[in-house]
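A, B, ... follow the sequence lines: proteins, then strands. Residue 1 opens every chain.
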Amino acid sequence: MNETFTKAMARNIFYGGAVFFFLLFLALTFDTVQTLPKRDHRENITDSVVRGKHIWETRDCIGCHTLLGEGAYFAPELGNVYKRRGGDFIKMWIKGQPTGAPGRRQMPQFDLNDQQLDDMVAFLKWTSEINTNNWPPNIEG
Amino acid sequence: MRPCTLIWLSLMLLTVATYAIGEAGMGGTAVMLTVLGIAVIKVQMVASYFMDLRHTRWLWRGIVLGWLVLVTGLIAIAYLTTIK
Amino acid sequence: MIILINNPKSAHQVYATPPGDLAIWFFIFAELLAFGIFFAAYAFARAHNIALFDASQQHLSRTSGAINTLVLITSSYFVVRAVAAIKQGYSNQCARWIGAAIGFGAIFLAIKSFEFYGKFSSGITLSTNTFYMFYLSLTIFHFMHVILGMLILAAVMLKARRGGYSAENHTGVETGASYWHMVDLLWIILFPLIYVIH
Amino acid sequence: MQYKSQAVAKPYFIAAIGLFLGQILFGLIMGYQYVVGDFLFPAIPFNVARMVHTNLLIVWILFGFMGSAYYLIPEEAETELFSPKLAWLMFWVFLVAGALTIVGYLTVPYATLASMTGNDILATMGREFLEQPLPTKVGIVIVALVFLFNISMTVLKGRKTSISLVLLLGLWGLAIFFLFSFYNPSNLVLDKYFWWWTVHLWVEGVWELILGAMLAFVLIKITGVDREVIEKWLYIIIAMTLITGIIGTGHHYFWIGTPEYWQWFGSVFSALEPIPFFMMTVFAFNMVNRRRREHPNKAATLWALGTGVMSFLGAGVWGFLHTLAPVNFYTHGTQITAAHGHMAFYGAYVMVNLTMISYAMPMLRGRSANSRSSQVMEMWAFWLMTISIVCITLFLTAAGILQIWLQRMGTSPMSFMDAQDQIRIFYWAREFSGLVFLVGLVLYIWSFFFKNSEAQAAE
């Protein structure tokens, strides 16, 4: 491969290609951000949902669970858990941890008060209503 | 008349032909294959004459024509499976 | 340029590599691959929903699509003339031909922009339906390639005007020409596929 | 080692390997917790072990990148490093910040750590790979900026080669995209959308530039092929990387609430993402076959070739396995993702760092290559670690396929935990492979302590 292709041209293609596709990516991002309001029902983000997300983050739930399929694969998917189990089950489950069953995977006790439990359920309810192009395949998630 | 001018004119004519077929609103397998055939001829002309691949080793023309046959073949298959 | 077969009788040589810098041909093949997959994806996506595709296709203006094809083919022709000119060393003539090619490229962009304006103002977006998603994706993706092609041609024109190319050394012109012909070649498939076949 | 300021790379490499060992230990803890759920509970719950595992991985690879830059840039720019003192200072700042963060994860409940470190002022914690407290994140930005200032000044005052330019582009890109980790909107969809700008545009964007530059540098030194040819290929490879990788981000935007067209763009462009890795493998083997000199460091050559192959397998093939939207619909959020993650990260970023360390460390210790016996030990380590990662990936792929079959297919899908119980055997096999990996890593570390009496003199 002697002078048939030069480093200068390869460099031009690198810069041209990178800038071109980054601009295209920005255009797609712009369109996505414009279209999102119609898909993620952001009007339902109440203060409780916001507090719920904060609790979700500060207890590092993503360290064991997946949310909309992203996270750790140690514990069940929680993106659709509100539809699978309902709010009361979620609160009862969080309060009842850890099970202490020998050899089973354990979830820590986070000592959430009732307000925090309601916020967590609100967040999980809101997350379950995002239009995810009907993912996951079934209710088991 | 340069060869490339001849090619240019025939490309223009084929485009008008495709447009006419489109305007006539004809559908069905025969029309689809004709339009695709015209597109294949036009692309082959551009690749061989405009891109001057006819003066190069067979490999380079083979890559472009192979790609062309593959793509138009897939398109034809996709359309054929639905029209019947 | 390595010449494989130098056949004095037929007065044309067979070159080992295509015109222009081989690196641009890597880029051309990658683009052909990406567009090829998109064309096939369009065809197979249509197979799932023919009525929707055929109905939405009626709203496209086939006339402006056809005119755009003629414009782009003519622009490609101008670039062929430019390469022919530089091969004899007429760099000014080459620059003028490329200038004309860029002009026609601008006409293409204008017609296309008018078409896009019509679609966007009537509220059509990438998320309206699958047909419009493909129509807008493919044509905008191609639209950006026309712009990139014009930038490359502009760079070549400026260098040609400064006499940067000669009969012996004009790889840059052929590189820009090859990319521009690819842009035209893609549109030649795109026009019948999106505007005509149903 | 032509410039004495290159010596600053040594502590970075040592810290990198140390943290690497820590990462593997916590990986083994997690692997065991997959089968014995209450192992070390509640002292180290799974999510804490995971934070430590993933954060140690990222930190040690950043240490490796910085060490490689401090070794490579002076030699490329043919001038002394702008300020070795600054490099030493940043080394300690980064090491202490990293260590404190890990100690914070392990000793304090995460919620308390969050309230202690100003997460209420600016909430950036609690997201995968970005669990670091705010002060650590700010520390990372400072260290990155000072590091970039240091090497950019070195390049500015020295020779500018394509390799150092590409490396700088990659490292500046790394710093810029890390800034998105400070953006944490309350709308989960927007949060995830831009979270991927840090994660994906790192590992499938700018990090591949760093990978390409480091591999090109080592290949020039080992094969002696002239710089022009290697840099030409480098540009073509990283051009394909960004052409496919930037829009390839779309394969993360299938199911998180973003519009449907991402399924087409994401699938098409990420399906092309293996091409640069394939080109890198062809490039590596091509250069080694056309080598103009017999470099005594055989181990580094093996690592360089291994990087090409394993990054193509792990990132390319295993990535393509589950990147098309119709396939990803079933594999998303299963062990298939974990399988791809392990081999891709090891094949691309762990191996390129070990390539650089394996090449540079003898130089930093005054010889062009280690003794034959040390290199043989290092090659044993290479094969043990690489085969172990292949096994982990195969076992997790099998686990993932079974998980999908049981949990997501058919008329009576199992619940998550029932499905997990059915695939315990693969988790046992994965844990065993992890132990083999640890043995490999220990051998790798041991190879540095071999007596090198009969080693060649410094180049």
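- The contact between B:I75 and chain C is made by backbone and side chain atoms together, counting heavy-atom distances below 4.5 Å.
- For C:E31, there are no salt bridge (Lys or Arg N to Asp or Glu O under 4.0 Å) partners at least two apart in sequence or on another chain.
- For chain C, the option among B:V35, B:L36, B:L68, B:V64 with the highest count of heavy-atom pairs below 4.5 Å is B:V35.
- For residues 73-80 of chain C, heavy-atom neighbours of chain B at less than 4.5 Å comprise C:I73, C:T74, C:S76, C:Y77, C:V80, sorted by residue number.
- Evaluated for a ring pair (Phe, Tyr, Trp, His ring centres under 6.0 Å) with C:H142, the options C:F108, C:F38, C:F39 yield exactly one hit, C:F108.
- Contact annotation for B:L53: only side-chain heavy atoms (C-beta onward) come within less than 4.5 Å of a heavy atom of chain C.
- B:S10 places a side-chain N or O within donor-acceptor distance of the main-chain N or O of B:I7, the cut-off being under 3.5 Å.
- The candidate from C:D54, C:T69, C:V83 with the greatest count of non-hydrogen atom pairs under 4.5 Å with chain B is C:T69.
- Annotation: ring-ring contact (aromatic ring centres under 6.0 Å, His included) contacts involving residues 155-180 of chain C, sequence neighbours excluded, comprise C:F27-C:Y179.
- Residue B:L59: no heavy atom, backbone or side chain, is found under 4.5 Å from chain C.
- Within the 4.5 angstrom heavy-atom criterion, only side-chain atoms of C:D184, from C-beta onward, approach chain B.
- Panel note: side chain C:Q57, backbone C:I197; a donor-acceptor pair is recorded below 3.5 Å.
- Side chains of C:T17 and B:W60: a donor-acceptor N/O pair is absent below 3.5 angstrom, by distance only.
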side-chain contact (heavy atoms from CB on, under 4.5 Å) between C:M157 and C:M150: does it pass, once the steps are laid out?
CA-CA 10 Å; C:M157 182 176 75; C:M150 284 166 67; over 6 Å; no
I'd like to know whether C:I50 forms a side-chain contact (heavy atoms from CB on, under 4.5 Å) with B:Y79, so could you lay out the CA-CA distance, the side-chain angles of the two residues, the decisive distance to 0.1 Å, and finally the verdict.
CA-CA 9 Å; C:I50 303 152; B:Y79 275 78; over 6 Å; no
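- Using modelled atom types, one finds a donor on one side chain and an acceptor on the other under 3.5 Å when comparing B:Y19 with C:T63.
- Heavy-atom distances place no part of B:R61 under 4.5 Å from chain C, backbone and side chain included.
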N/O donor-acceptor pairs under 3.5 Å from side chains in residues 37-50 of chain B, not counting sequence neighbours:
unit_1	atom_1	unit_2	atom_2	d
B:K42	NZ	B:T15	OG1	3.1
B:Q44	NE2	B:S48	OG	3.1
B:S48	OG	B:Q44	O	3.1

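- In this structure, no portion of B:T72 lies under 4.5 Å from any heavy atom of chain C.
- There is no contact between C:I37 and chain B, counting heavy-atom distances below 4.5 Å.
- Classified by interplanar angle (parallel below 30°, tilted 30° to 60°, perpendicular above 60°), the ring pair C:Y195/C:F191 is tilted.
- Using a 4.5 Å cut-off between heavy atoms, C:A45 does not touch chain B at all.
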